[in-house]
Amino acid sequence: MDVVLAKMSWKLIPCLRSELRLDIVLKCGQSFRWKSFNDQPDQWIGVLGSRVWLLSQDQDHLKYKTFPKAEEDSGALDAFLADYFQLKVKLQPLYKVWAKEDPVFEKISSKFSGVRMLRQHPVENLFSFICSSNNNIQRISSMVENLCIHFGTEIWKHEGVSYHTFPSVEQLAKNPMNVEKKLRGLGFGYRAAYIAKSAKQIAENGGEEYLLKLRTLPYQEARDELLKLTGIGPKVADCVLLMSLDQTAAIPVDTHMFQIAANKYLPHLKGYKSVTDKAYKEIGDHFRSLYGDYAGWAHSVLFSADLKHLRDIESDTDTRVESKSKESKSSGSPMLKKRKKRA
DNA sequence: AGTAAACCTTCTAG
DNA sequence: ACTAGAAGGTTTA
């Protein structure tokens, strides 16, 4: 059926599975557009820039194909993908430190290895997370899809399925009244106005370039800029800072992280009904002092391990040695150096 | 400054 | 079948 696609050969990028787990990273709520391809559990299809990407991996490589056929030299494509996955950042040394500092992290670290931050485009990241407020992943994903279908540009058609770019700021800012109305009709609810207004605000400030420039600002300054936008509060701002603006220590505190913090780290927070500004800051500060400069990355591991649909994900097949005891240590003293093996 | 209610829609536990 | 609650919060009062 997919003769053409199947025949195309994979491009390979050296990358250990312990440094990247596509099945987790692509499905842990950082981005919302990656879907498993043709029911294959280890192949993922999505759009990056103005190209459709098919991704997979083996023990030592990240593998990809792109569509439509590119004349572009594969060196540039390699670099593009390596940047998206931030492969320059080595996870294993970080995991080692985080596990040493935190027994809770240590406990989940072997099963949830290879969880890293994507370096997303701020436009997609920002508008996707405006959709995320008071919402669930399934619906967020379908809203993002609708954003692309109705405002993006079609770039490829395959077996009756169209693939679109994520809309540009201009495409979302063209006619705010119409955009809002259209989004309402698509079931965006009150987020329709947030998107239309933010798009307009960003466009007036210089559009995509303005957002990209936030990467050069210190955390607090970039955050203050984001908070000026409609529909972006502290949590979404930190998501954008962490996921597309290079702020590795940003910690988005959502209802999930609040629960995790209250249950496992800061028991006194159990009294709070909701995440107050004070609690928000306290939780972020706690994890930053615990994990250091890449605290946001560590937070993402905790978050992923807590997601319902990922909680029972299969452990890295590389860890075949398995220690069949699911819960035998009681003292919590981390002196057992179980051979999780590693190269 | 800090707290509470309203906000769109969809899915689910009861 | 029907309803209250929650879902990766933000805005307004």
Side-chain angles (χ1 to χ4, degrees), chain A residues 24-34 112 115 117-118 120 122 124-147 150 176 179-202 223-245 247 250-264 268-269 271-284 287 295-311:
Chain A
I24 302 176
V25 173
L26 265 23
K27 280 289 168 186
C28 67
Q30 293 186 50
S31 61
F32 300 94
R33 298 197 69 190
W34 293 103
F112 288 85
V115 181
M117 286 328 288
L118 264 19
Q120 298 182 255
E124 173 169 345
N125 187 217
L126 185 152
F127 287 106
S128 295
F129 275 85
I130 284 180
C131 297
S132 76
S133 76
N134 204 5
N135 207 348
N136 56 68
I137 291 186
Q138 184 185 338
R139 184 171 167 223
I140 299 166
S141 302
S142 89
M143 285 163 72
V144 170
E145 190 58 30
N146 274 136
L147 228 32
H150 294 274
V179 170
E180 177 177 350
K181 197 175 297 180
K182 197 163 164 182
L183 289 173
R184 277 275 176 185
L186 289 168
F188 278 63
Y190 58 81
R191 302 168 197 81
Y194 291 170
I195 290 172
K197 285 183 187 167
S198 274
K200 184 167 183 291
Q201 288 173 274
I202 295 169
R223 194 170 194 265
D224 289 341
E225 286 301 310
L226 292 174
L227 290 176
K228 292 176 186 169
L229 301 171
T230 310
I232 297 192
K235 189 271 179 182
V236 171
D238 278 325
C239 283
V240 176
L241 289 161
L242 174 64
M243 301 176 186
S244 61
L245 297 181
Q247 294 295 342
I251 311 264
V253 179
D254 59 13
T255 152
H256 262 287
M257 283 310 292
F258 175 70
Q259 291 302 325
I260 293 174
N263 289 327
K264 301 184 178 175
H268 66 279
L269 292 179
Y272 289 70
K273 287 182 168 52
S274 60
V275 188
T276 63
D277 288 353
K278 192 179 154 199
Y280 190 101
K281 178 141 191 352
E282 184 181 352
I283 293 169
F287 285 120
W297 288 50
H299 132 279
S300 177
V301 182
L302 291 185
F303 183 84
S304 298
D306 205 61
L307 284 174
K308 267 199 199 38
H309 66 281
L310 291 182
R311 207 168 296 173

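We name chains A, B, ... by the order of the sequence lines, and we start the count at 1 in each one.
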Roughly how far apart, to the nearest Å, are [N] and [M] at atom [atom1]?
N	M	atom1	value
dT10(C)	dC11(B)	P	23 Å
dT3(B)	dA7(C)	C1'	22 Å
dC8(B)	dC2(C)	P	26 Å
dA6(B)	dA4(C)	P	15 Å

In this structure, how many angstroms lie between the [atom2] atom of [N] and the [atom1] atom of [X], rounded?
X	N	atom1	atom2	value
Arg191(A)	dA6(B)	CZ	P	17 Å
Met143(A)	dA7(C)	CE	C1'	12 Å
Lys308(A)	dT12(B)	NZ	P	11 Å
Asp277(A)	dA4(B)	CG	P	13 Å
Asn146(A)	dT9(B)	CG	P	14 Å
Asn136(A)	dC11(B)	CG	P	8 Å
Tyr280(A)	dA1(B)	OH	C1'	18 Å
Tyr190(A)	dG9(C)	OH	C1'	6 Å

Nearest-nucleotide pick for Val236(A), side chain only, options being dT10(C), dC11(B), dA7(C): dT10(C)
Selected nucleotide, minimal atom distance to Tyr194(A) side chain, candidates dC11(B), dT10(C), dT3(B): dT10(C)
N/O (side chain, Arg139(A)) to phosphate O (OP1/OP2, dC11(B)) under 4.0 Å: no
Lys27(A), NZ: over 12 other non-hydrogen atoms inside 6.0 angstrom: yes
Tell me what [X] touches on the nucleic acid: a base, only sugar-phosphate, or nothing, going by heavy atoms under 4.0 Å.
X	answer
Thr230(A)	sugar-phosphate
Cys131(A)	nothing
Pro234(A)	sugar-phosphate
Gln259(A)	nothing
Ile232(A)	sugar-phosphate

Any strand: nucleotide that pairs with dT3(C) via Watson-Crick or wobble, under 3.5 Å: dA13(B)
His309(A) side chain to Gln138(A) side chain, donor-acceptor N/O pair below 3.5 angstrom: no
Comparing Phe303(A) and Leu227(A) on DNA chain C - which has the more 5′ nearest nucleotide: Phe303(A)
5' priority, DNA chain C, between Leu229(A) and His299(A) [closest heavy atom]: His299(A)
Whether Ser198(A) side chain and Thr230(A) backbone form a donor-acceptor pair below 3.5 Å: yes
Heavy-atom side-chain contact between Asp238(A) and Ile251(A) under 4.5 Å: no
Flag side-chain contact, heavy atom, 4.5 Å: Ser244(A) against Leu126(A): no
Stepwise ring pair (Phe, Tyr, Trp, His ring centres under 6.0 Å) test for Phe129(A) and Phe32(A): CA-CA 10 Å; Phe129(A) 275 85; Phe32(A) 300 94; 5.4 Å; yes
